K.L.:
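Sharing a structure, written as C-alpha cells. Questions coming.
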Amino acid sequence: MKANNKIAEQIKSISDTLPCGVTLIAVSKYHPAEAIMQAYDAGQREFGESKAQDLVKKHECLPNDIKWHFIGHLQSNKIKYIAPFIHLIHSIDSYRLLQEVNRHGEKHGRKIGCLLQIHIAQEESKFGFTPEECLAMLAEGEWQALENIEIRGLMCMASNTDDEQQIGEEFATIQKLFNTIKTSYFPNNDRFNILSAGMSDDYPIAIKYGSTHIRVGSRIFNGE
Ligand SMILES: *Cc1c(COP(=O)(O)O)cnc(C)c1O
C-alpha cells in the first residue's frame, strides 16, 4: 500500500510546516473515496471538491465529520445538491449567485458560509469578481439583507506562472482588498476572517500574504 502511505506522508509534511492559523484544505477532486480515506486516517478533515455531483456522492459515503468545501464554478441549478450540508462555498462570483445560495439556505434552515471569489490572475478564463466589481456589489448593500448566507471572506487563484514576483503581487492585491473590505464592511465581525489563497505550487507565497486557507490537491494526492 505504498501509494496510500504517500498521501498520509504528504498531509503530514505540509501540515507540519503551516503557521498557526492556516488551515489545509485537501482538494480531492479527481480522486476516489479510498484516497480521501487515506487522508482522513492521517487526520485530515477538510476537503475541497469542484463538482457538485462528485461532492454529493463522496459526502454520502464518507465520514460525517468531514467539512466539505466547494471550490469550483458553481452553477445555480447545482446549489440544491450541496445546500443541505456544505461547509463553505469558495466561489461566489456574482450577486445573483449569492441570492440563490441564500434562497437554498433558507429552504434548509441554514446560514451558508460563502467566500467572494476575486479575479486577480492574468488568465481571462478564471471566474470571479474583479476587485472593482466586488467593492461595487458590497457598496450597493443589498447583500446585508440576506439572512441565510454569511460572507466569511475572499478566495482567489493566482496566475499559473513560474514568475514568483507576479504571484506575490497578485496575492498582495487580494490581501489589500481583504483588509479594505474588512475595515469597511466587517469591522466588528470576527467571522469575516477567511482568505482562501494558494494551491500546490504557490501556497507558501500565499501564506506570506495572509492566506488563512490553502487549497492543495496534486501535492497531496499525486505526490507532486
Ligand atoms: C484544483 C484546484 C485546486 C488545487 O490545485 P492543485 O494545483 O492540485 O493543488 C485549488 N483551488 C481550486 C479552485 C482548484 O480548482
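Below, all heavy atoms of this structure are taken into account, side chains as well, without hydrogens, waters or symmetry copies. Just so you know, these numbers come straight off a predicted model, no measurement behind them. Throughout, numbering of the chain's residues begins at 1 and tracks the sequence. Every number for a ligand or one of its atoms is a count from 1 in the order of the listing.
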K.L.:
For residues His59 and Phe85, establish whether the separation of their ring centroids is below 6.0 Å.
P.N.:
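Between His59 and Phe85, the centre distance is under 6.0 Å.
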K.L.:
For atom CD of Glu169, decide whether the heavy atoms of other residues, nucleotides or ligands shown that lie under 6.0 angstrom number more than 12.
P.N.:
yes
K.L.:
Does Arg45 count as lying over the ring of Tyr40, i.e. NZ or CZ under 6.0 Å from the six-ring centre, within 45 degrees of the axis?
P.N.:
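Satisfied, under 6.0 Å and within 45°.
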K.L.:
Applying a heavy-atom distance cut-off of 4.0 Å, which protein residues contact ligand 1?
P.N.:
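Ligand 1 pocket, heavy atoms under 4.0 Å: Val27, Lys29, Ile71, Met155, Met157, Met199, Ser200, Arg215, Val216, Gly217, Ser218.
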K.L.:
Going by the angle between their ring planes, with limits at 30° and 60°, are Tyr185 and Trp143 parallel, tilted or perpendicular?
P.N.:
perpendicular
K.L.:
Look at Glu100 together with Arg103 and state whether they make a salt bridge at an N to O cut-off of under 4.0 Å.
P.N.:
yes
K.L.:
For the residue pair His90 / Ser196, report whether a side-chain donor-acceptor contact shorter than 3.5 Å exists.
P.N.:
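Result is yes, a qualifying pair exists.
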